[in-house]
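Right, one structure below, let's go through it.
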There are 2 protein chains.
Amino acid sequence: MNPDESCIVRHFDQYFRLSDDDKMLLVRLEDSVSPVKAGTSLWGERDKAYEFCTLKRGWAFSYRDLENGSRQILEIYLPGDIVGLREFAFSQRLAGVQMIEDGEVCFFPHRHLIDIFRRSLTLTSIMFAISSRQQVMITERLVNLARRNARQKLAHFLLEMCQRIKQTQSDGCESFRLPLSQELLADLLGLSPVHISRTFTALNEDGLVFRDRHNVTIPDLEALKHEAGFDDRYLIENMRPLFHEANV
Amino acid sequence: MNPDESCIVRHFDQYFRLSDDDKMLLVRLEDSVSPVKAGTSLWGERDKAYEFCTLKRGWAFSYRDLENGSRQILEIYLPGDIVGLREFAFSQRLAGVQMIEDGEVCFFPHRHLIDIFRRSLTLTSIMFAISSRQQVMITERLVNLARRNARQKLAHFLLEMCQRIKQTQSDGCESFRLPLSQELLADLLGLSPVHISRTFTALNEDGLVFRDRHNVTIPDLEALKHEAGFDDRYLIENMRPLFHEANV
DNA sequence: CGAAGGGTTGAGATCTGTCAAGGAACGTGG
DNA sequence: CCACGTTCCTTGACAGATCTCAACCCTTCG
């Protein structure tokens, strides 16, 4: 396969310009691309964990089902994201993962990560950076869930998605596609679907967010950021200084 | 320094029996042990991030201050824990860290981590495992904050601390020391101090948790686990299969 | 002895959840 | 093109959990 067509190569390349050797090393890990239908589960909550995967196309989410019947969505995955890093040190899945839309995924066994550690310092550092970035994103979501009211939670989440989409598609994000039902948003933000609806209505009335089906428009980003207490530092990693030292 | 006295060697050794070479490599990173007083801050929220540290003695916590004046505590660190991994890919701190009690810490520059990546596959894998374990713990805290009521939140947190203390001290934990004020617990669990107090009173009246100052007693672990929906799988990592492959 | 920090208790306010009914959009089959 | 079911969303009324404010108490420590 041509390295530049690989989804994982493209993803790593965003972090740091890869050498051809590194690209080849990554590509060799990519056995196969599997098409997956919307709603299919990539794995369930207590499955054996022996591989991870990258999303080539389509959105996905990870979740935990609770004993009281509710469900918490932990993470929304966009094309290019690596899924399943969480369980690297565990033999069992701690969260399920499900496709939101039709898409394509690439599976990699865990042991191939060890190969990477053995062979490329750059790729090892990027893997570590990706893992720590995921930790930072979960942390921000935790703060969002614990400390903000419904209005801020929703606004904050929309701004996060807007920023993430902008980073991968590199065009503006005043308006973007958000293929998530209100039920899903409720499970993500720890609210009831009913209250999600009310909150959208309120944001709409205040002219801050317009939602039509799966399209969201944010007319005044700064106003909404102020409303939500959104600070995008947590989405903007800066690995340059580190790699400097790694490569000289 | 004798490797077996190093706090970081002891910590890594919990994950996997280290070779003498690995121990020496780790020890060389440990320049100095600094004593720190209760209440001192190891770093603030927007400081430059160029090092991490391990806790040798004393408890610490990381936190985020919000624009609305509230504070969210992200993590409680116990002796042996590594602090600051979160910011490996960032040049700025995203959270402050403060000592809860008097203690001792060991600082390491980020670039020494790269040295480890270069020289030891075992240590690299352990670092990755530690990072993914931290991610799992934050995820569980997120679920706890988003989906459970005050009673369950508090019970779940106490059980987590009990389990963590047991893992490092390897004796029972029916009764253990918890040097956290109710205000700190409130900032940790996303509740008000007043409600923490009420919840302790309720748990006490039901005979599930007894608290006297900084001592907590849980007479019936199973009963409390049931009440809280606590499942300790997330604290029990299993790296054996992975290292098997790494080392043969 | 007084001050300060931490914990407890009560009353009222607020946010969000639950339940229930109804409406809008979409796909399917006739 | 229409009828129908399904899914998703909206709205209202009420209930419950937690917050805020305020007063008070206890312990510790200088």
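Just so you know, these numbers use all the heavy atoms, side chains as well, and skip hydrogens, waters and symmetry mates. Chain letters run A, B, ... following the sequence lines, proteins first and then strands; every chain starts at 1.
A straight line from CG of Leu189(A) to C1' of dG17(C) spans 15 Å, rounded to a whole angstrom. Per the geometry, CG belonging to Leu185(B) stands 13 Å off P belonging to dC19(D), to the nearest Å. In this structure, the CD atom of Glu183(B) is 14 Å from the P atom of dT8(C), given to the nearest Å. Taking atom CG on Asp212(B) and atom P on dG6(C), their separation rounds to 17 Å, with Å as the unit. Atom C1' of nucleotide dT18(D) and atom CG of Asn149(B) are separated by 11 Å, given to the nearest angstrom. Computed from coordinates, the Asn204(B) CG to dT9(C) P distance equals 10 Å when rounded to whole Å. One interatomic measurement links the two molecules: CD of Gln152(A) to P of dT14(C), which rounds to 17 Å at whole-angstrom precision. Regarding Phe200(A), its CZ atom lies at a distance of 20 Å from the P atom of dA24(C), rounded to whole Å.
Residue-level contact check: Leu191(B) touches the backbone only, with heavy atoms under 4.0 Å from sugar-phosphate atoms and none from bases. Within the 4.0 angstrom heavy-atom criterion, base atoms lie near Ser192(B).
Between Gln182(A) and dT7(D) there is no side-chain N or O to OP1 or OP2 distance below 4.0 Å. Residue Ser197(A) places none of its side-chain N or O atoms closer than 4.0 Å to OP1 or OP2 of dT11(D). For dC26(D), the OP1/OP2 oxygens have no side-chain nitrogen or oxygen of Arg213(B) closer than 4.0 Å.
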- Give the intermediate values and the outcome of side chain to side chain contact (heavy atoms under 4.5 Å, CB included) for residues Leu159(A) and Asp232(A). CA-CA 9 Å; Leu159(A) 288 165; Asp232(A) 60 10; over 6 Å; no
- Could you go step by step and tell me if Tyr15(A) and Arg133(A) meet the side chain to side chain contact (heavy atoms under 4.5 Å, CB included) rule? CA-CA 11 Å; Tyr15(A) 281 80; Arg133(A) 179 181 198 241; 3.3 Å; yes
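In terms of heavy-atom proximity, Asp81(B) sits nearest to Arg164(B) at OD2-NH2, 2.8 Å. Shortest non-hydrogen contact noted between Leu188(B) and Arg147(A) is N-NH2, 4.4 Å.
Comment: Asp47(A) does not engage Arg93(A) in a salt bridge, judged by the lack of any side-chain N to carboxylate O separation of less than 4.0 angstrom. Using a cut-off of 4.0 Å between Lys/Arg side-chain N and Asp/Glu carboxylate O, Asp231(A) and Arg64(B) are scored as not salt-bridged.
Ring-plane geometry between Tyr63(A) and Phe61(A) is classed as tilted, the angle between the planes lying from 30 to 60 degrees on a 0 to 90 degree scale.
End-to-end axis angle of the helix from dC1(C)-dG30(D) to dG30(C)-dC1(D), from C1' rotation axes over five pairs per end: 30° (rounded to 10 degrees).
In terms of position on DNA chain C, the residue among Leu180(B) and Arg148(A) whose nearest nucleotide sits closer to the 5' end is Leu180(B).
Nearest to the side-chain atoms of His195(B) among the listed nucleotides dT18(D), dT10(D), dT11(D) stands dT18(D). In this structure, the nucleotide among dC9(D), dG10(C), dT16(C) sitting nearest to the side chain of Arg198(B) is dG10(C). Across dT16(C), dG10(C), dG7(C), the shortest atom-to-atom separation from the side chain of Arg211(B) is found for dG7(C).
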